[in-house]
Amino acid sequence: GQQLNQSPQSMFIQEGEDVSMNCTSSSIFNTWLWYKQDPGEGPVLLIALYKAGELTSNGRLTAQFGITRKDSFLNISASIPSDVGIYFCAGHPWVGGNEKLTFGTGTRLTIIP
Amino acid sequence: DAGVTQSPTHLIKTRGQQVTLRCSPKSGHDTVSWYQQALGQGPQFIFQYYEEEERQRGNFPDRFSGHQFPNYSSELNVNALLLGDSALYLCASSLSGTVNSPLHFGNGTRLTVT
């Protein structure tokens with residue numbers, strides 16, 4: 001099935017560094033979501049975006065809905081150990097739609113001591 | 001406030017067997033979606049149930065079927081298991097009719113087919 005393209009696939013950073021990752025699609029989405037998945041757990045919603053150009057923050061996390069509606073970006077500032085995990089983007093053709101979400105391939109974040 | 005609960009947490013089956021996975025939605029939610037997550041991949045949508053009927057379906061064969069009960073809980077059934085069915089199966093719930101109702105995921109059932 002279709003999956004969104006996320007980059008980078010993995011990141012190795014030091015604690016305190018800022019992180020940037022993105023997600024691209026060949027088709028337009030009108031809802032963009034960012035999830036985090038820890039080992040042995042299900043994805044947890046971090047940020048939801050419903051309008052092109054929208055910039056939304058959740059604590060140290062900031063996500064943007066690309067103006068082309070074919071991409072989205074997630075930034076994490078001043079990373080801490082609990083930020084370790086896999087970050088997934090997800091999209092839907094409708095605003096606020098949650099049936100049949102299309103997920104990305106994931107970005108694995110590792111903090112090196 | 002109980003979140004989405006899934007059972008069992010782990011399961012090992014043999015090729016050709018059948019399996020049933022169970023899900024209880026978050027309290028107050030009435031819609032259940034099922035996703036398959038292969039190792040190293042993002043979740044893939046299987047189907048969604050609302051009012052005890054399948055509302056949407058992803059690109060999965062008929063070997064994958066489901067059911068929703070009057071209490072909104074749900075089952076995922078997979079017949080004639082293949083090695084490629086080995087994956088984490090995630091259940092997610094939401095509230096229908098609510099604008100921008102996000103999906104809440106359970107912790108999944110890890111299915112291994114040998």
Side-chain angles (χ1 to χ4, degrees), chain A residues 1-10 21-25 29-51 54 56 58 63 65 72 74 85-108 110, chain B residues 3-7 9-10 21 23-26 29-51 53-61 64 84 87-110:
Chain A
Q2 179 193 6
Q3 290 206 315
L4 302 173
N5 296 314
Q6 285 187 246
S7 66
Q9 285 187 326
S10 59
M21 61 187 77
N22 65 58
C23 181
T24 60
S25 169
F29 287 101
N30 288 295
T31 293
W32 284 93
L33 307 169
W34 284 92
Y35 285 86
K36 179 175 182 274
Q37 187 173 26
D38 292 329
E41 298 186 9
V44 174
L45 182 66
L46 300 174
I47 294 179
L49 302 160
Y50 301 111
K51 188 176 178 181
E54 179 182 2
T56 298
N58 178 8
F65 189 141
S72 181
L74 177 69
I86 304 176
Y87 291 81
F88 289 99
C89 62
H92 194 283
W94 303 341
V95 176
N98 63 19
E99 309 95 350
K100 205 173 183 177
L101 287 178
T102 299
F103 276 82
T105 49
T107 293
R108 181 183 294 273
T110 302
Chain B
V4 178
T5 58
Q6 294 187 242
S7 63
T9 55
H10 294 82
L21 311 181
C23 172
S24 292
K26 178 180 167 65
H29 285 183
D30 58 4
T31 302
V32 172
S33 303
W34 287 92
Y35 286 79
Q36 179 195 65
Q37 187 176 22
L39 201 61
Q41 300 293 316
Q44 297 265 357
F45 176 77
I46 302 175
F47 42 53
Q48 185 182 71
Y49 275 83
Y50 170 67
E51 291 189 334
E53 291 192 358
E54 184 182 290
R55 184 155 73 173
Q56 281 242 21
R57 188 178 183 92
N59 189 25
F60 279 81
F64 290 76
L88 180 68
Y89 288 85
L90 294 163
C91 171
S93 71
S94 58
L95 180 59
S96 182
T98 302
V99 175
N100 303 340
S101 174
L103 292 181
H104 291 255
F105 283 87
N107 288 333
T109 293
R110 172 73 62 186

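As a basis for the values below, the full set of heavy atoms in this structure was taken, side chains included, without hydrogen atoms, waters or symmetry mates. By convention in this document, chain letters (A, B, ...) are assigned in the order of the sequence lines, proteins followed by strands, and residues within each chain are numbered from 1.
Both the backbone and the side chain of A/Leu101 come within less than 4.5 Å of a heavy atom of chain B. If you measure heavy-atom distances from B/Gln41 to chain A, the contacts under 4.5 Å come from both the backbone and the side chain. At a 4.5 Å heavy-atom cutoff, the contact between B/Tyr35 and chain A is made by side-chain atoms alone. Proximity to chain A involves both the backbone and the side chain of B/Leu103, based on heavy atoms less than 4.5 angstrom apart. Neither the backbone nor the side chain of B/Gln6 comes within less than 4.5 Å of any heavy atom in chain A. Of the two parts of B/Ile46, neither the backbone nor the side chain holds a non-hydrogen atom closer than 4.5 Å to a non-hydrogen atom of chain A.
Residues meeting the side-chain contact (heavy atoms from CB on, under 4.5 Å) test with A/Pro8, sequence neighbours left out: A/Met11, A/Met21, A/Thr107.
Taking the six-membered ring for Trp and the full ring otherwise, the centers of B/Phe45 and A/Phe103 sit at least 6.0 Å from each other.
Within the 4.5 Å cutoff, no side-chain heavy atoms of B/Asn107 are placed close to those of A/Gln37.
Considering only heavy-atom pairs separated by less than 4.5 Å from chain B, the leading option among A/Ala48, A/Pro43, A/Gly106 is A/Pro43. Chosen from B/Ser33, B/Pro43, B/Gly58, B/Gly40, the residue pairing most often with chain A at heavy-atom distances under 4.5 Å is B/Pro43.
Within a 6.0 Å radius of CZ in B/Arg55, other residues, nucleotides and ligands contribute more than 12 heavy atoms. In the displayed structure, B/Glu54 atom CD is contacted under 6.0 Å by more than 12 heavy atoms of other residues, nucleotides or ligands.
Looking at every heavy atom in both residues, A/Leu45 comes nearest to B/Pro102 through CD2-CB, 3.4 Å. Closest heavy-atom contact between A/Lys100 and B/Arg57: NZ-O, 3.5 Å.
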Listed pairs under 3.5 Å, donor-acceptor, residues 86-95 of chain A side chains, sequence neighbours left out:
{"from": "A/Tyr87", "atom 1": "OH", "to": "A/Asp83", "atom 2": "O", "distance (Å)": "2.6"}
{"from": "A/His92", "atom 1": "ND1", "to": "A/Trp94", "atom 2": "N", "distance (Å)": "2.9"}
{"from": "A/His92", "atom 1": "NE2", "to": "A/Glu99", "atom 2": "O", "distance (Å)": "2.7"}

